[in-house]
Amino acid sequence: MAVKRSDDIYPQIGNALWADRLADAIENTCADHEVVPPPRQAILEGLAAALPDTEIKALIATQRGRRVLKPNAYRIVQAGDEQVLLLTCDVHGAAVVPWDLNDRTAVCWSSPAPEASHRVKDLVAAELALQEATKSAKSAEKERDALRRAPGDDAYAAQALAAATQKHQDAVRRVHELEAEKHALLAALGHRRPRPVVRAIQEDGQPKAALTLAEQPYAVAVHMQRYAADNLQRAGKTRGYDLAESLADTGQLSKGMNVLQQWQITHSDGTVSKLWRLAAVTGNNRALARLDVFRVRPEHLVTGMPQSLVPMPKDKKDGPEPLLLSLREILNRLSARLNRDGAKPETEATDPSRRAAKIATVSAEIVIGCTKPEALEHVLRALNVNDHLRGIQPYDEDARLIALFATLVDAYSRESLLADALAEAFPDARGADLLDLVGVRDALTVNGPLDPLEPLVPAGADISPVVLRDVAVRAITALVFPGIPPEAPQKANVRTVRDTGRFWPVVRGTLQESAWSQIRAKTAEGRTRLWSAAVAQLFVRRGNILSALGLFGTTETKEGAVQDPRPLMELLLGAEAGDAAAWTALVQRMAPVLIHAPQPFITPGQGSEAGTGRKGVRRTPKSALAALTLAYTAGAPGVSRALLLAFAKAVLEHPDALRPPEVDDDTPLVCYGEQHWAESERTAITAGMVIAPDGEGRPTRYVADKAWFDELFPVDLCTPVPATSGSPTNAPAGAGNTADAGAPTTANGEAAADPRDQLAKLRRELPARVELVEGSYQKAVDAAHTLMTDFEEAHRLRIQLGEEPLPAEQRIEWMEKLSKARTAAQASVTTLEQMEALILKV
C-alpha cells in the first residue's frame, strides 16, 4: 500500500540508498567530462545529506545502464585554465555553513603562523577559565550576601561572614587576573585570528575536488567559527536593508556557490570526528542570514549539534546531552520540529517555523568536480573576489585593496610573468626557476605559509621567518611597483614612445590606470595604499595602512621601486661596518615593521601640529625614516651606532617573538612613554614588543614606543641647521659647529678627526667588515665549485655523445678569463696574509 507523501513545508532528507545512487551519478558524470570528483564519503555525508528526498530523484538519469546526472542538472564553468563542474539543485535552507575565507572579512584574519595558532589555544583556555572564575565569583557573592542577611551576632557568624568576604575578594581578584591575561593574549594576536588554511583533500594519495581543514580541538573550532560568523555579520551591516528580514519575506532570489569541506574535530576523549558540510563560497551573508532565521548557530553545524536544541518527542529529558554529528539527522530533526511547531495554531509569526517558510529549500550550485583539485581553493577564492568586486554592495576599503592585490597576482600568473618578475627582483636567488607558483601565489596573498618563497633566498643565507617575511615584502613591492626599461636615446625629429616593458602593462590593466605618461600623485597614492594593504597581511598586528602614504611617490610608480638586492644579514653587517648605503636600505626594509609593531613607531595623522603636549608628535612616514637615516649618517644627540643596530635587529625580529620580552634581572618592564603612569593604567607587556636599548646597545627596563622613538629621533633632526658665519653652509644637522676654535684643521678647513675616535671607530667596524669579506670569499668559492661541476658534467656528456670539442678560440678565451681570476685570487691570498699579521698589531 502506497504511503501518501506529507505536505509539510520543511523537507525530510533522503535515505542512504538514494545517496549511493547520487554518488554513482556524480562519479560517472565527472568521468565523462574528465574532471576529478569529490571523495565518495563527501557526497554521501555532505551533499546527499543536505538534499530533500525528492530532489535526488530529479537529478539522476540512466544511460546505457549507468547512472548519470541529467543534462539540465549541472554546468561547466571555465575559471582561468581550470574547469569546474557545478551541480544545480535545491538544498535544505539550513544546510550550508558560511565560508571562513570570505574576502570581505580578509582584514579580520592574520597570517597563518604557527605561533598565532598556539596563542589561539591559550586564548580559548583563558576564556574557559574566565567563565569558571566568573561563576565562582558570583557564587561567592551570593554566599556572602546570604551570610550578611542571616540573623545572629555570635562569633561564629562573624567568622563565617569574614571567611565568605575573603573568598569573594579572592574570586574577584582571580577574575581580574584572568581578564588581564585574556587581554594580553588578544593583544599578542593583534586582536585578530590566524587565517584557517584549507587544502584539497587527499584520497589514496590523489587530490580530490573537496577541501579540508587541519585537525583542531573542539573548543578551538567553536571559537574560530564564532569569530568568523561575528565578523561576517559585522561586515554585512553595511547593507542598506536587513538581509534576514528580506529572506524571510521574499525568499532567496539568487543562487550561491558552495563547496564540500571537511572539518576535523578532536574531542576531549581523544576521538576525532571528520564532518563533511557544504560551505558557501559565494553568498556567505545569505548563508549566515538563513541560519539566523532558522536560529541555528554555524558552529553547531561544524562541531556537532547538541541534541537538546533539536529534540524529538521520544527523547529522554533526563539523559545525557550528546552531540549529533550526522548532518542528515540534524536537518531531519530540525524539519520535524519546525513542521510540528508550524502546525500549532498558537505559534506566533516570529517563530522560525513561520519565518523560514520561504527558505525551507534554496537553489544552489555545488562544486562536484574540477580539472585541478590542488588549485580549487584558489579558483573559488578568485570567484568570490570577482563576485564582490563587481557587486553593488558596500565594500570595506582595506578588504577591497587586498582583493585587488590578489587579482593582480593572478594577472601576473595568467600572463606567465610571475616567475619572471620575481627572478628579476631577486637576481641572487638560489633557484627562482624552482618556484612552486601556486604556493607563491598563496604566500603573497597570505592564504598559506611563506615556505614556497625559500627559492628566492640567496644561496648560503639562513632561512628564518624574518628572512621569508622580508622576501615577501620585497616580492610585493616588485609586483606593485615594477621597473621599466631605461629610456632609449631620443633621435632628432622622431617621435618615440616609451617602452614600459612586460610587467607594467599587467599592473595597469588590473588596476585600470591611465596611460604611463599620465601617472600623477593620485595614482601613486592609490598604488601605495594597495601595497600597504598587501604588506599589512604579513604581520600579526595590523597597523593603519595609511601609515605608508608617502613612502612611494610618482617616480617609483612610473619607473619602479629600486630595491637593494642584498639580504637582511648582509645589510646588517654592512651597517655595522660603516656602510651608509646599507643602513639606508635597512631602514627602508624596517618601514613595514615600524608600522605594524605592537607599539607602532610610525603613526601619521595622530598627534598635534601645534604642540606635543596633548597628543604627541605628528609626523609623516618619510620624516620618521629620514630621522632614522640621519641619526646614522650625520649623528644625533644620545644616539650611537650600537643603539641603532640593536634597535634594528630587535625590530626586525619582533613579529616572531613567542613570549613577552624579559630582562636578565627580572625587572618589570614598562613602556617608555608610560613610566610616570599609574600601574593600573599601563599597557600590558605582550609578545612582540621591543626593549629599548641604551647607548651601548644593551637592554634597558623600558619598552620602546613612539614616545621613545620621537625623543631619540625628533622631527627637527630632518631640518637642516641654519648656516652661521665661519661655518660650512652645507653642515648636516647634529654635525659640526661644536669643534673648538683652536682645534687642528685639514687642508679643506674642516676639523681634523681625533685619532682616538678614529681608532675606536675602526675597531668597532672591522669585525663586521671581516665577516663581509668572509661571506664574499665563500660565495666565490661556491661559484668556482659549481663552475667546476658544470665543466665536469659537460666533459662527461661530450665523451658519452662523441661530440667534437669546442673551437680553440673559445677555449683560449675561457682559459684567459680563468687565468685572470686565479691571478686575482692569488694576489688576494697575499693580502689576507698581510691582514693576518696586522691583526696581531691592532
Side-chain angles (χ1 to χ4, degrees), residues 80-82 111-114 197 199-200 202 205-207 371-379 381-382 405-406 408-480 482-483 501-503 506 534-535 538 563-571 589 775-776 778-794 796-797:
D81 297 332
E82 287 82 30
S111 58
V197 178
R199 290 288 179 262
Q202 300 278 333
Q206 298 296 324
T371 52
K372 191 175 180 182
E374 302 93 335
L376 177 61
E377 178 212 357
H378 176 78
V379 169
R381 227 175 27 241
F405 177 72
L408 176 63
V409 177
D410 286 347
Y412 273 101
S413 181
R414 187 170 54 253
E415 299 293 333
S416 300
L417 294 175
L418 182 58
D420 294 345
L422 295 178
E424 184 175 301
F426 296 87
D428 300 329
R430 64 181 64 187
D433 55 336
L434 303 177
L435 286 171
D436 172 18
L437 295 182
V438 175
V440 168
R441 200 165 49 182
D442 289 343
L444 295 181
T445 55
V446 199
N447 288 291
L450 299 179
D451 297 341
L453 300 177
E454 288 184 7
L456 298 178
V457 179
D462 294 333
I463 297 176
S464 66
V466 176
V467 172
L468 291 179
R469 185 183 296 105
D470 177 67
V471 168
V473 173
R474 290 172 58 193
I476 291 172
T477 306
L479 297 180
V480 177
R502 297 182 297 163
F503 307 131
V506 177
V535 168
L538 299 172
Q563 302 184 74
D564 195 310
R566 289 178 285 182
L568 276 179
M569 186 53 64
E570 192 171 333
L571 290 178
R589 301 277 188 90
S776 301
Q778 187 60 46
K779 287 181 181 178
V781 170
D782 293 341
H785 180 73
T786 303
L787 184 62
M788 183 184 69
T789 305
D790 293 340
F791 268 110
E792 289 176 345
E793 181 67 12
R796 186 187 65 80
L797 291 174

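Looking only at side-chain heavy atoms (C-beta outward), V409 and I476 stay at 4.5 Å or farther from each other. In this structure the side chain of L444 reaches within 4.5 angstrom of the side chain of L479, judged on heavy atoms. Side-chain contact between V438 and E374 is absent, with no heavy atoms from C-beta onward closer than 4.5 Å. At a threshold of 4.5 Å between non-hydrogen side-chain atoms, the residues D428 and E570 do not count as touching. Side-chain contact between H378 and D410: present, with at least one pair of heavy atoms (C-beta onward) separated by less than 4.5 Å. Annotation: side chain of R589 is in contact with side chain of L571 (closest heavy-atom distance under 4.5 Å). Side-chain contact check for Y412 versus L422: every heavy-atom pair is 4.5 Å or farther apart. Residues L538 and S111 form no side-chain contact, since every pair of their non-hydrogen atoms from C-beta on lies 4.5 Å or further apart.
Without hydrogens or angle criteria, R430 side chain to P455 main chain gives no donor-acceptor distance under 3.5 Å. Between the R474 side chain and the F426 main chain, no donor and acceptor come within less than 3.5 Å of each other.
In plain terms, the two heavy atoms of V480 and L408 that are nearest each other are CG2-CD2, 4.2 Å. Between Q563 and A478, the shortest heavy-atom contact is NE2-N, 3.7 Å. Closest heavy-atom contact between P449 and A443: O-CB, 3.3 Å. Closest approach of P112 to V197, counting heavy atoms only: CB-CG2, 3.4 Å. Listed here is the closest heavy atom pair of A200 and P207: CB-CB, 4.3 Å.
Atoms CG and CG, from D470 and L453 in turn, are 11.0 Å apart once rounded to the nearest 0.5 Å. A distance of 5.5 Å separates CG of L417 from CZ of R502, quoted to the nearest 0.5 Å.
In terms of the side-chain contact (heavy atoms from CB on, under 4.5 Å) criterion, residue partners of E424 (sequence neighbours excluded) are, by chain and number, F503.
No donor-acceptor contact under 3.5 angstrom links the side chains of S464 and D462, judged on distance only.
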>> Working note: V457 + L468, criterion side-chain contact (heavy atoms from CB on, under 4.5 Å); need CA distance, chi angles, decisive distance, verdict.
In response: CA-CA 8 Å; V457 179; L468 291 179; 4.2 Å; yes
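Taking 4.0 Å as the cut-off between side-chain N and carboxylate O, D442 and R381 count as a salt-bridged pair.
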